[in-house]
Undergrad: 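Below you will find the structure I want to go over with you.
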Amino acid sequence: MSDQKRLFLVDAYALIFRGYYAFIKNPRINSKGEDTSAIMGFMNSLLDVIKRERPDHLAVCFDKGGSADRVELYTEYKANRDATPDGIKTAIPYIYEILKAMHIPIMVKEGYEADDVIGTLAKKAEKEGYKTFMVTPDKDFAQLVSENIFMYRPMFGGGYETWGIPEVQKKFEITDPLQVIDFLGMMGDASDNIPGLPGVGEKTAKKFLATYGSMENLLANTHELKGKMKEKIEANGALGLLSKKLATIMLDVPVDFDAKDFEMSQPDIPKVTEIFQGLEFRRLTDNFLKTFASVNEATDQSKAPSNSTSTSNSDATSSSNSVSTSSSSSSAGEGQFSLFGGSPSESTKTETTSEFERNTIDNTSHFYQSIAPGMATTLFVKNLLNQTSVCFDTETTGLNPLIAELVGIAFSWDAGKGFYIPFPEDKEDAQHLIELLRPFFENEAIEKIGQNLKYDIKVLAKYNVEVKGKLFDTMLAHYLINPDMRHNMDILAETYLNYTPVSITELIGKKGKNQLSMRDVPLEKQTEYAVEDADITLQLKEHFEKELGDANTQKLFTDIEVPLLRVLAAMELEGINLDTDFLNSLSEQLNSDIDTLEKAIYEAAGEEFNIASPKQLGIILFEKLNLVDKPKKTKTGQYKTGEDILSYLAKDHKIIKQVLDYRGLAKLKSTYVDALPLQVEPSTNRVHTDYMQTVAATGRLSSNNPNLQNIPIRTERGRQVRKAFVPRDENYTLLAADYSQIELRIIAALSSEETMIEAFKNGEDIHASTASKVFGVPIAEVTREQRSNAKTVNFGIIYGVSAFGLSNQTDLSRGEAKELIDTYYETYPKLKKYMSAQVDFARDHGYVKTVLDRRRYLKDINSANAIVRGAAERNAVNAPIQGSAADIIKIAMINIHHKLSLGNFKTKMLLQVHDELVFDVYKPELEAMKTMIKTEMEGAFKMEVPLDVEMDIGDNWLEAH
DNA sequence: TTCATCTGCAA
DNA sequence: TATTGCAGATGAA
C-alpha cells in the first residue's frame, strides 16, 4: 500500500436505486407510513464503504436536471425511463440532510449527470496525485479507469469488486479502457436509450473491437463485413457515432477539485442520530456510531487493518478452569459466558498456545468463538445443557441434506455472543463429535431456535440425531407475520435488525465453476459467518416472538406450522419409489410420436423450424400461413401461441392440431418423463421432493426439486406418468386419499349458504346440484354441458371470476356468462354476501384470515388503480378459502403423522398435493390405515358442512385414484 | 452464463 | 379480464 491519498466519489442515484430495489419485496415502512427503503439502502452502502475503506477524501455526486448536452444531441436520450418511484423521490431530501449532517460534500451541477461530475473530478484529482475510487455499479464508468482511477463496484449479495485497468481489459476484451466508449456505442444501452448499432450486441461489439479497435475504424472498414450485418452497419454509421458521443462521459464539467473540501471530517453525530431516529433506523444508528468510532480509532493508529477481525490463541486449560468455576455457580445466565475465558477482553489477553487452537472473533459488537476439539467440546456441551433456549445453525457441504456433510454447527443463546464447533472431514470422527452433542439435541427441555429448521433436522437425521424439544423457526414465524414477503435470513436481518449479514456468496462465491465448499473456508471466516447467522436468528426470534402477538397466530405457529415442519422433514427424507424403466420406455414411445408429428408439421408448414420456439412458430402461423387477420400479441410484441389461442384455430388448418399435439408430447417428455428419473437420489434410489412451507401466500405448501404437485392427470397420455410412482416393494401398496370439493365446502360453510350446505349434507353431486338450480331442471335431467358449465362457475366463484373470464373458459357468450353468474348469485345469495363481507373486512382491517386465523395482508385493497384493487379484492375472497383448505390438510397431516409414529406403523406418508395425501401402506396395516386416515382427514376440522375423503389403493399412483 | 418470457402442468 | 404454485425451452444480452 502506498501513501497515496485516496478519494472516493459516490454515484448517489445508482446506489439509491440499487438500495431501493434491494428492499422491493420487503419495503421498509416506518410507523409514519414512510417508505424508507431507499434511504436505508443508500446509507448502508455508504457506511459500508466508509467502514471498509476509511477514505480520507470522499464526496457524493448527484444528477440535476439531466444532461442538457446529451438531450440536445439526441432527444430520445433516457426518454424511455420509467418515472422515478415515489419511494425514491421522497428519500432524496432526507439523504441530502443526512449527508450535510455527516459533513460529506455533495457534488451536483445543474445540467450534468453524476457520471460527468465524477469523471471530471476523478481526472482532476489524478493530476494532483490522488487515487480515485468511483463507487458505482454502472459499467459505463469503466471508460474512466486508469492507473489511478478505479471502479469500486458493490456486488449483489454483498462485498465489492475493484476494477482497475486489467479488470476492464478482461471484462470488455479490450486493450484500453477508453474503448469502453466504443463498446457502449456499438451495443447501445437500453436503460439510457442509447441506440447503438442495429444488430450489434455484446458478442459482436467485442468481436469488432478486437478486429477494428474503435467505432471509427469499424465504419471505415465496413467493406470487410458481409451480408445483412454489412448493410445495417453501413446504413447506420451516423447512429453509431452519435451513440458513442452519448456514451462518452464528459470531463469538462465546471467543477473544481479542491482537496480540502473533500477531506473526511467528524460528522455531526447528534444531528445524524436525530435524523436516523426520526426515520426509526435503530440498527443503522448503532452501525453509524460504531463506524465513526472505529474510523477515529483507525485514524489514530495511522495504519489500520482492513477489517476489525482479530485472532488469538489460548489454551484449553484456561477455559477448563473457567468452566469449573462457573458451572459451580451456574445460576446467572450471563455468567456462563465466562466459561470460555470470561469477558471478551479477558479472553483475548490470554496468550498461551497449545494444540487446542481456538479462534476468537471479537469486536465491539460481538464475541464469537470456535470450540477446539477434545476437552473443550465436552465442557462446551456441559454448558449448553444448562441453557433453556438455544439457537443453532448447521453449516454443511451442500444444499441437499441427503448427502450434505456437517462442516460445523453454530450456537448462540445470548445476543451478540456465540460459539462454533467445526466438524472433521473424517466420517467416523464427525459421528463421534455429533455424539457429544446428542444430549443437547435430544434434550426435550431445551428449546431449539433456528432459521429453516427443517433443513437442519434433515441433516442431523442423517447422523441419526433427532432434534427434540420445543422449536422456534424464525422463517416460519415471519411467514405468519407477513406471508407475502420473503423470508430469507439476510432480508429479515436487514428489515428487522437494520443489519446486513455476511452473505454466503461473499464467503464461498457465486454458484458455478469456482464455488468453494464451506470446508474450504478458513475457520475464522466460517466462525464469523456461522455464528453471525445463529446470533441474528436468535435476535430475530426475540423480535418475532412479540410480533406473532395475536394469540391465534401464536397458536397457528405452535400447533400447526412448527409441528408440520417435522412432518415434512420426515416425508422428504422418506422419498418415493420411481419406476425409471417404465419412464424410459415411455420416453422412447414419445420420441417416435414426436418425430412423426415433427415431420408432419414441417410438411404442413413447408419448411423446418423450431416448433418449441413461440417466436418462430408465431411467424410460421401468422405470417407465412396467415391463419388469422389480427393475431394477438404479447406485451413484448411476439405473437401469442398459447393453447387457448391455438385451439380456436384447430379447424382452420391441420397444422394447428399437430402443433398442439407436438407441444403436449414435448412438454410431457421434457418436464416429466425425462426429467423425473434424473431426480432420483442415488443414495436412496428414491425421489425426494422439497416442500416449501413459506412460499405460498395463502398457506399452501409448494413442492420442488422435483415438483410433485403438478404431475399430469387430465389427459390419457399425461396420466401415464403417474404409473411410474410405485410402492416401496411388493409388501406395500400406494394409497391416495383426497378431500372431495374441500374449497366449495369451505365457502359454503363460511357463508352459511344453506342451499349449498344442504346439497353437501345430502351427499349430492355438487356441480349437478348447482346446474339443476341455476338452469331450473330436475337434477336427473341435468345435461353434461350444464353440469360442466356449473362446475366452471363453482370453481370460478372461488377465484372471483368475471363474465369475461367465464365466457373465455366456456362455450358461453359474454352475455350468457353474465346471466349465468347472476342466476348463480340468486341461487346462492349468502355466497355473494359473504364475498362482499370479505372485501369489506379487508378494507377495514387490511387483511383477511382463514379458519385458523392465518392472515393475508392486502395492501392494495384500497388502491385507486382499479386493476390492482380488483386483484386484491379477488385475493380477499380466495385467500380465506384456499388458505382454510391448506390449514385443514395441515392439521390432518400432523395428526396422521403422530398416529403413524405412535403406533410404530411401517406405513409412511409420502406426498401432499394440496387436497390429497399419498401413503406407502404396508399391506398388513391396510385396513387400519384406511380407517385411521379417513377419520383423521374428515375429522381434522369441524364445520357446518361435513368433510368427505375419497381414497383408493393401487400398485401405482394412477391406480390409487 | 444468466435472466426474462412464454408456455403449460397441478390443485 | 380467475387463485396458488414450479419448471422447461428459447433467445437476448
Undergrad: Indicate, with a heavy-atom threshold strictly under 4.0 Å, whether A:Asn875 touches base, sugar-phosphate, or nothing.
TA: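 Sugar-phosphate, backbone atoms only, no base.
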Undergrad: Quick check: any donor-acceptor pair below 3.5 Å linking the side-chain of A:Arg700 to the base of B:dA11?
TA: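 Pair found.
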Undergrad: Looking at B:dC9, I'd like to know if its phosphate oxygens (OP1 or OP2) sit under 4.0 Å from a side-chain N or O belonging to A:Thr671.
TA: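 A:Thr671 to B:dC9 OP1/OP2: no side-chain N or O under 4.0 Å.
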Undergrad: Indicate whether OP1 or OP2 belonging to B:dA10 is found under 4.0 Å from a side-chain N or O atom of A:Arg714.
TA: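 True: A:Arg714 side-chain N/O within range (under 4.0 Å) of B:dA10 OP1/OP2.
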Undergrad: Remember a base hit wins even if backbone is also touched, and classify A:Thr792 as base, sugar-phosphate or nothing at under 4.0 Å, heavy atoms.
TA: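 Base contact - A:Thr792 has a heavy atom under 4.0 Å of at least one base atom.
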Undergrad: Compare the minimum distances between each of C:dG8, C:dG11, C:dA7 and the side chain of A:Ser613, then state the nucleotide with the smallest one.
TA: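 Among C:dG8, C:dG11, C:dA7, the one nearest the side chain of A:Ser613 is C:dG11.
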Undergrad: Salt-bridge test for A:Asp138 and A:Arg153: reply yes if a basic N is under 4.0 Å from a carboxylate O, no otherwise.
TA: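 Salt bridge between A:Asp138 and A:Arg153, a charged N being under 4.0 Å from a carboxylate O: no.
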Undergrad: What does A:Val877 touch in the nucleic acid at a heavy-atom separation under 4.0 angstrom: a base, only the sugar-phosphate, or nothing?
TA: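 A:Val877: no heavy atom of the nucleic acid under 4.0 Å.
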Undergrad: At under 4.0 Å between heavy atoms, what does A:Arg856 touch on the DNA or RNA strands: base, sugar-phosphate, or nothing?
TA: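 Touches sugar-phosphate only.
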Undergrad: Would you classify A:Ala666 as touching base, sugar-phosphate or nothing, given that sugar-phosphate means primed atoms plus P, OP1 and OP2, and contacts are heavy atoms under 4.0 Å?
TA: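 Answer is nothing: A:Ala666 stays at 4.0 Å or more from every strand.
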Undergrad: Return yes if the base of B:dG8 and the side-chain atoms of A:Lys667 contain a donor-acceptor N/O pair under 3.5 Å, otherwise no.
TA: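 Looking at the base of B:dG8, it does pair with a donor or acceptor on the side chain of A:Lys667 (distance under 3.5 Å).
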Undergrad: Using whole Å, what does the distance between atom P of nucleotide B:dC9 and atom CG of A:Leu958 come to?
TA: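 Going from CG in A:Leu958 over to P in B:dC9 covers 17 Å.
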Undergrad: If only side-chain N and O atoms of A:Thr641 are considered, is one of them under 4.0 Å from the OP1 or OP2 phosphate oxygen of B:dT7?
TA: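 So the side chain of A:Thr641 is within the cut-off, an N or O lying under 4.0 Å from OP1 or OP2 of B:dT7.
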Undergrad: What contact category does A:Ile713 fall into here, base, sugar-phosphate, or nothing, at under 4.0 angstrom with non-hydrogen atoms?
TA: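 Sugar-phosphate only.
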Undergrad: The side chain of A:Met187 lies closest to which of these nucleotides: C:dT3, C:dA7, C:dA13?
TA: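 Closest nucleotide among those given: C:dA13.
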Undergrad: On the side chain of A:Asn710, is there an atom forming a donor-acceptor pair with the base of B:dC9 - under 3.5 Å, no angle test?
TA: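 Yes.
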Undergrad: Could you please name the option among C:dT4, B:dA10, C:dT3 that lies closest to any side-chain atom of A:Ala696?
TA: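 Looking only at side-chain atoms, A:Ala696 lies closest to C:dT4.
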Undergrad: With a 4.0 Å limit, can you tell me whether A:Asn610 has a side-chain N or O closer than that to the phosphate oxygens OP1/OP2 of C:dT10?
TA: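 Yes, A:Asn610 has a side-chain N/O under 4.0 Å of OP1/OP2 on C:dT10.
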Undergrad: Looking across every strand, which nucleic acid part, if any, lies under 4.0 Å from A:Gly796 by heavy atom: base, sugar-phosphate, or nothing?
TA: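 Counting heavy atoms under 4.0 Å across all strands, the contact made by A:Gly796 includes a base.
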Undergrad: Has the side chain of A:Gln882 got a donor or acceptor atom sitting under 3.5 Å from an opposite partner on the base of C:dT4?
TA: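 No pair found.
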Undergrad: Quick one: sort the A:Phe725 and A:Trp957 rings into parallel, tilted or perpendicular, breaks at 30° and 60°.
TA: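 Perpendicular.
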Undergrad: Base, sugar-phosphate, or nothing: which does A:Ile798 touch, judged by heavy atoms less than 4.0 Å apart?
TA: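 Result for A:Ile798 = nothing.
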Undergrad: Kindly point out which of C:dC6, B:dT7, C:dT3 is positioned nearest to the side chain of A:Thr634?
TA: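 Of the candidates, B:dT7 comes closest.
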Undergrad: When you measure only distances, ignoring hydrogens and angles, does the side chain of A:Gln809 come within 3.5 Å of the base of C:dA2 through a donor and an acceptor?
TA: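 Such a pair exists between side chain and base.
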Undergrad: Kindly give the heavy-atom pair with the smallest separation between A:Gln693 and A:Leu568, and that separation in Å.
TA: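 In terms of heavy atoms, the two residues are closest at OE1-CD1, 3.7 Å.
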Undergrad: Rounded to the nearest angstrom, tell me the gap between atom NZ in A:Lys640 and atom C1' in B:dT5.
TA: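 Distance check: A:Lys640 NZ to B:dT5 C1' gives 13 Å.
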Undergrad: Side chain of A:Thr698 only, heavy atoms from C-beta on: which candidate in C:dA12, C:dC6, C:dT4 is closest?
TA: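 For A:Thr698, the side-chain atoms sit closest to C:dT4.
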Undergrad: Just compare C:dT3, C:dC6, C:dG8 and give me whichever is closest to any side-chain atom of A:Asn704.
TA: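 Selected nucleotide (nearest to the side chain): C:dC6.
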Undergrad: Starting at atom CG of A:Leu858, determine the distance to atom P of C:dT3, rounded to an integer number of angstrom.
TA: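 The distance from CG of A:Leu858 to P of C:dT3 comes to 13 Å, rounded to the nearest Å.
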Undergrad: Starting at atom CD1 of A:Ile645, determine the distance to atom C1' of C:dT1, rounded to an integer number of angstrom.
TA: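 Going from A:Ile645 (CD1) to C:dT1 (C1'), I get 13 Å.
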Undergrad: Starting from P on C:dC6, measure out to CG on A:Asp690 and report it in whole angstrom.
TA: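 Rounded to the whole Å, the gap is 11 Å.
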Undergrad: Could you tell me which non-hydrogen atom of A:Arg722 sits nearest to which non-hydrogen atom of A:Ile711, and how far apart they are?
TA: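 That would be NH2-O, 2.8 Å.
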Undergrad: If you look at every strand shown and take non-hydrogen atoms under 4.0 Å, does A:Asn808 touch a base, only sugar-phosphate, or nothing?
TA: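 No contact.
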Undergrad: Give the rounded distance in Å between these two atoms: CG of A:Leu676 and C1' of C:dC6.
TA: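 A:Leu676 atom CG is separated from C:dC6 atom C1' by 12 Å.
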Undergrad: Locate the shortest heavy-atom distance separating A:Val774 from A:Tyr824; write the atom from each residue and the value.
TA: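 So the minimum-distance heavy-atom pair works out to CG1-CA, 3.7 Å.
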Undergrad: Send over the distance from A:Asn865 CG to C:dT1 C1', rounded to a whole Å.
TA: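 Rounded to whole Å, this separation is 14 Å.
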Undergrad: So if I take every side-chain heavy atom of A:Ala697 and compare against C:dG11, C:dT1, C:dG5, which nucleotide ends up nearest?
TA: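 Side chain of A:Ala697 sits closest to C:dG5.
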Undergrad: Before giving the answer on salt bridge (charged side-chain N to carboxylate O under 4.0 Å, His left out), spell out for A:Glu716 and A:Arg719 the whole-Å C-alpha distance, their side-chain angles and the decisive distance to 0.1 Å.
TA: CA-CA 5 Å; A:Glu716 183 51 41; A:Arg719 83 173 60 110; 2.9 Å; yes
Undergrad: Restricting to side-chain hydrogen bond (donor to acceptor under 3.5 Å, both in side chains), what partner residues turn up for A:Lys139, sequence neighbours left out?
TA: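 In terms of side-chain hydrogen bond (donor to acceptor under 3.5 Å, both in side chains), with neighbours along the sequence ignored, A:Lys139 is linked to no residue.
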Undergrad: Separation of A:Tyr691 atom OH from C:dG5 atom C1', in whole Å?
TA: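 That distance rounds to 13 Å.
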